[in-house]
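Written below as structure tokens is the structure these notes are about.
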Amino acid sequence: MAGKSFIILFVLLLVVAFPNIEAGEDAPKITEKKVDVVVEAMVYCQSCEHFGTWSLTGAKPIPSAKVSVTCKNNKGHVSYYKVFDTDKNGYLYAPLEGFKMQNYILDHPLQSCYVKLVWSPLESCSLLSNVNYALNGAPLRYENKKLHGSIYEAVIYAAGPLAFRPSDCSHINTTHN
């Protein structure tokens, strides 16, 4: 009897010590968590009352405005460029699909990416303004925003807010010329 118990115990120890190395089709696959970079911003039409300033008091969101995100590598070459549209509320959510960093510090989005206004669908508000440095490229800010999923994570950077300005403010008596 002791011999049978010893054999059963020995077989169980072998099973535990040397588990089946070949995973079956039903075994869960281990996947690397994907981390994406996202840029968000708001795009407005600046009111004539604040023409020539950075004030967005009285500004209205611009739906379907086109905004570009450009990233340059540590040698100054464009490594990423894409134009995105704002939603119906003037909100830009731009996932930078395909964005890659060759050097984690020098090519990091905070160092290498910027946002520019491209086009406004509003004929009456289509001139570029330099609110938040949009003419040369609004820098990104880290605001500790992330999206988490089981195999997905997104780090969200903010830019702007950005604004187009009206093409005709002659009806307003301004002192900001």
Side-chain angles (χ1 to χ4, degrees), residues 23 27-47 50-167:
K29 296 187 186 320
I30 298 173
T31 58
E32 187 176 314
K33 192 172 222 181
K34 183 179 177 189
V35 179
D36 281 339
V37 175
V38 175
V39 174
E40 69 176 0
M42 285 295 298
V43 178
Y44 294 98
C45 177
Q46 187 180 39
S47 71
H50 298 287
F51 171 78
T53 71
W54 276 23
S55 174
L56 293 174
T57 303
K60 305 269 191 259
I62 300 179
S64 302
K66 295 197 180 295
V67 179
S68 70
V69 177
T70 305
C71 303
K72 294 185 177 182
N73 63 21
N74 60 351
K75 295 180 180 172
H77 300 120
V78 173
S79 60
Y80 184 89
Y81 177 83
K82 187 169 181 184
V83 175
F84 298 92
D85 292 343
T86 59
D87 70 6
K88 65 181 181 169
N89 300 310
Y91 174 71
L92 172 74
Y93 183 86
L96 306 188
E97 293 176 13
F99 174 77
K100 293 190 180 4
M101 290 184 281
Q102 299 300 319
N103 181 309
Y104 181 74
I105 295 172
L106 299 175
D107 294 342
H108 193 278
L110 289 173
Q111 307 298 326
S112 65
C113 300
Y114 56 89
V115 177
K116 283 184 164 185
L117 296 170
V118 174
W119 178 80
S120 170
L122 304 177
E123 200 172 301
S124 63
C125 192
S126 59
L127 297 180
L128 300 175
S129 81
N130 201 30
V131 173
N132 288 311
Y133 304 108
L135 290 177
N136 293 321
L140 303 185
R141 297 181 310 276
Y142 178 68
E143 296 182 339
N144 202 22
K145 289 176 79 174
K146 294 180 181 177
L147 293 176
H148 297 282
S150 59
I151 60 169
Y152 175 83
E153 184 176 308
V155 179
I156 302 173
Y157 298 97
L162 310 172
F164 287 92
R165 63 182 181 84
S167 50

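Here the closest non-hydrogen pair linking P166 and L127 is O-CD1, 3.9 Å.
N132 places no side-chain N or O within donor-acceptor distance of the main-chain N or O of L162, the cut-off being under 3.5 Å. T86 places a side-chain N or O within donor-acceptor distance of the main-chain N or O of I62, the cut-off being under 3.5 Å. Without hydrogens or angle criteria, S47 side chain to A59 main chain gives no donor-acceptor distance under 3.5 Å. Q46 contributes a side-chain N or O that, together with a main-chain N or O of S55, makes up a donor-acceptor pair within less than 3.5 Å. When atom types are taken as modelled, the side chain of Q111 and the backbone of N74 share no donor-acceptor pair closer than 3.5 angstrom.
In this view, P61 and M42, Y44 satisfy the side chain to side chain contact (heavy atoms under 4.5 Å, CB included) rule, not counting sequence neighbours. For the side-chain hydrogen bond (donor to acceptor under 3.5 Å, both in side chains) test, no residue two or more places apart in sequence or in another chain qualifies with N136. Residues forming a side-chain hydrogen bond (donor to acceptor under 3.5 Å, both in side chains) with Y133 (at least two apart in sequence, or on another chain): none. Y91 meets the ring-ring contact (aromatic ring centres under 6.0 Å, His included) test with no other residue; sequence neighbours excluded. For L135, the side chain to side chain contact (heavy atoms under 4.5 Å, CB included) partners are L128, N130, not counting sequence neighbours.
In this structure, the separation between SG on C45 and CZ on F164 is 9.5 Å, given to the nearest 0.5 Å. Taken to the nearest 0.5 Å, the SG atom of C71 stands 11.0 Å off from the NE2 atom of H108. In this structure, K88 NZ and S64 OG are separated by 11.5 Å, a value rounded to the nearest 0.5 Å. One distance of note links CD of E40 with CD1 of I156; it measures 5.5 Å at 0.5 Å rounding.
Listed by first and then second residue, the salt bridge (Lys or Arg N to Asp or Glu O under 4.0 Å) pairs that reach into residues 75-84 come to none, sequence neighbours excluded. Under the salt bridge (Lys or Arg N to Asp or Glu O under 4.0 Å) criterion, the residue pairs touching residues 59-68 are K66-D85, with sequence neighbours excluded.
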Show me the donor-acceptor pairs, under 3.5 Å and distance only, between side chains in residues 113-125 and residues at least two apart or in other chains.
from : atom 1 : to   : atom 2 : distance (Å)
S120 : OG     : L122 : N      : 3.1
S120 : OG     : C125 : O      : 2.8

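For the pair V37/V155, no side-chain contact is recorded, criterion being any heavy-atom separation below 4.5 Å from C-beta on.
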